[in-house]
Amino acid sequence: MVVALTREVSPTIDSCELTHLQREPIDLEAARRQHRLYLEALRTCGCGVLPLKPEPDLPDSVFVEDTAVVVDEVAVITRPGAPSRRPETVSVAEKLAEFKPLAKIEAPGILDGGDVLRIGHRLFVGLSSRSNQAGLQQLRLFLEPYGYEVEAATVTGCLHLKSAVTAIGRDAVLANPAWVDVGQFGVSTVIAVDPAEGPGANALLVNSRLIYPAEFPLTRRRLLNAGFDVVPVPASELAKAEGAVTCCSVVFSTPTSSAPPI
Ligand code: CIR
């Protein structure tokens, strides 16, 4: 079955890392309400939810995507580019060890899961302020033995590669062409965000459905017109922390006999 590792919103989210946005107050209750709707959307898409232990002192700990890259054969624990985020990986490693063999990115490598775009057996790593060539090389060493290709991708103007482009099918991406050259991914279907909705390229593909922020209706219309099945979720509060929908989970497949999700 497909499961998602998640973590509740920290009460210190207001002190989150910010790179491209100005700090704005975050309404914790609204963020938590939206996060609960996100968990419901995961379940609606047939995904089990595996909550990690809360980390109240780690402001960005809701953004679990950045802490691990998981494929069927192995879970790679990252070394997040922001030092404040590195302690988040401890509990993630403990939880993932119940399901997969672990590998770990070590210094001088840095890697955020938000920079890793998987399209089939190809993984593109955005070389951003959070992920470097050493992190990419280590990921390649871990994954090549299992038949994955790991390649660099260029991205500008946003935090992570997956702020600019996400996989919405086996051979399809949703992208903001102002931030990324989609030619590098070699896919046959590209849906561009509506130009008025620049941050709208982050969609979470789960069991052929797309969990997608409700704040981007024009791009949602494009997805619906192209035949995609969209599950809208309100995501405005965590967007103030520079997070979107892929950021709040690590989705992976697990044998049905493993520990039951809730
Ligand atoms: C950070 O800057 O690390 C957090 N405030 C946001 C991380 C969002 N994660 C993601 O896009 N994968």
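In this chain, residues are counted from 1 in sequence order. Remember, it's 1-based here, ligands and their atoms both numbered in the order they're listed. FYI, side chains are in, hydrogens and waters are out, and symmetry mates aren't considered; it's all heavy atoms of this structure. Quantities reported herein were computed from a predicted structural model and do not represent experimental measurements.
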Quick one: look at T19 and ligand 1, take heavy-atom pairs under 4.0 Å, and tell me if it's side chain, backbone, both or neither.
-> neither
Please say whether R85 places an N or O atom under 3.5 Å from an N or O atom belonging to ligand 1.
-> yes
Here the gap from W179 atom CH2 to L161 atom CG, rounded to the nearest 0.5 Å, amounts to 12.0 Å
Would you please name every residue forming a ring pair (Phe, Tyr, Trp, His ring centres under 6.0 Å) with H20, sequence neighbours left out?
-> none
Please write down residue, atom name and distance for the protein heavy atom closest to atom 4 (C) of ligand 1.
-> D60 OD1, 3.1 Å
From G113, C247, G114, S163 - option closest to atom 10 (C) of ligand 1 by heavy atom = C247
Point-to-point distance, once rounded to the nearest 0.5 Å, from OG of S128 to CG of D112 = 6.5 Å
Do E65 and S249 meet the criterion of a side-chain donor-acceptor pair at a distance under 3.5 Å?
-> no
Below 4.0 angstrom, N of the basic side chain to O of the carboxylate: do D115 and K162 qualify?
-> no
Between CG of L238 and CG of D60, what distance do you get to the nearest 0.5 Å?
-> 10.0 Å
Report the residue from L143, L96, L102, L123 that forms a side chain to side chain contact (heavy atoms under 4.5 Å, CB included) with V76.
-> L143
Answer side chain, backbone, both or neither: which part of E65 comes under 4.0 Å from ligand 1, heavy atoms only.
-> side chain
Identify the closest protein heavy atom to atom 6 (C) of ligand 1: which residue and atom is it, and at what distance?
-> A241 O, 3.3 Å
Which residue and heavy atom of the protein sit nearest atom 8 (C) of ligand 1, plus the separation | E242 O, 3.4 Å
Looking at atom 9 (N) of ligand 1, what's its closest protein heavy atom, distance included?
-> D66 OD2, 2.8 Å
Have a look at ligand 1 and work out which part of R130, if any, has a heavy atom under 4.0 Å from it: side chain, backbone, both or neither.
-> side chain
Relative to the ring of H121, is the ring of Y148 parallel (under 30°), tilted (30 to 60°) or perpendicular (over 60°)?
-> parallel
Is there a nitrogen or oxygen of D112 sitting under 3.5 Å from a nitrogen or oxygen of ligand 1?
-> no
Looking at H160, which atoms of ligand 1 are within less than 4.0 Å of one of its heavy atoms?
-> 9 (N), 10 (C), 11 (O), 12 (N)
